[in-house]
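Reading through the structure tokens given below for one structure.
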Amino acid sequence: MPAVLSRTNSDAARLLDQQLQKVSRRLHRSVALGAESAVRGDLANTFLECSEPNWDGFNALPVSFDSFLLAERFLIALPLGIRRPCAGAEPDGQMTLEWYSGIRRTISISFDPDGKLHYAALMGASKAFGTE
């Protein structure tokens, strides 16, 4: 697998390059089949695409590697048969998993690098949100 090219020789850039390579290796080693494997691939690709500052053109923070790992662990812990979520990133550097079932039926979970889960849900006329 080709090494990730660094734009600088700083210690921080080398560390980021090493982490990006770990993510890529995890993705390529995955032996899981089906939706979990696809979502894990989406999660890894989102992390790679959003790991640089200003990835959205509006000064977004780079996605945290710890946030990526928490989202991956959460995804792996889901029981089989759960509908496939969409992987995403937030401008504050957090990974997200989102489930859409219609205009007013959606759940979003963001993974704080400190281990907190932030969630928001629309269930028809009801709303729920919080931090765990």
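Basis for what follows: all heavy atoms, side chains included, without hydrogens, waters or symmetry-related copies.
Cluster annotation: L117 is connected to L70 through the hydrophobic network of ILVMFWY side chains, with a link wherever side-chain heavy atoms come within less than 4.5 Å. The cluster map of Ile, Leu, Val, Met, Phe, Trp and Tyr, joined by side-chain heavy atoms under 4.5 Å apart, puts L61 and F47 in different clusters.
Of all the heavy atoms in A13 and S10, the pair that sits closest is N-OG, 3.1 Å. Heavy atoms only, all atoms of each residue included: P85 and W99 are closest at CB-CE2, 3.3 Å.
Residue D42 holds its CG atom at 9.5 Å from CD of E49, rounded to the nearest 0.5 Å. If you take CD1 on I109 and CD1 on I107, they are separated by 7.0 Å, rounding to the nearest 0.5 Å. Note that OG1 of T46 is 9.5 Å distant from CG of L97, once rounded to the nearest 0.5 Å. Interatomic distance, CD of E72 versus OG of S67, reported as 11.5 Å (0.5 Å rounding). For the atom pair Q94 CD and D114 CG, the distance stands at 9.0 Å (nearest 0.5 Å). Within the model, atoms CZ of F74 and CG of L69 stand 15.0 Å from one another, a figure rounded to the nearest 0.5 Å.
With sequence neighbours excluded, the residues that form a side chain to side chain contact (heavy atoms under 4.5 Å, CB included) with A71 are L43, M95, F111. Under the rule for a side chain to side chain donor-acceptor pair (under 3.5 Å), the partners of D11 that lie at least two apart in sequence or sit in another chain are R14. Contacts of P62 classified as side chain to side chain contact (heavy atoms under 4.5 Å, CB included), with partners at least two apart in sequence or in another chain: P53. For N54, the side chain to side chain contact (heavy atoms under 4.5 Å, CB included) partners at least two apart in sequence or on another chain are D56, N59.
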For residues 118-132, which side-chain donor-acceptor pairs fall under 3.5 Å, sequence neighbours excluded?
| from | atom 1 | to | atom 2 | distance (Å) |
| --- | --- | --- | --- | --- |
| H118 | ND1 | T131 | OG1 | 2.9 |
| H118 | NE2 | D112 | OD2 | 3.4 |

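Within the structure, side-chain hydrogen bond (donor to acceptor under 3.5 Å, both in side chains) contacts touching residues 101-111 (residues at least two apart or in different chains) are R83-S101, E98-S108.
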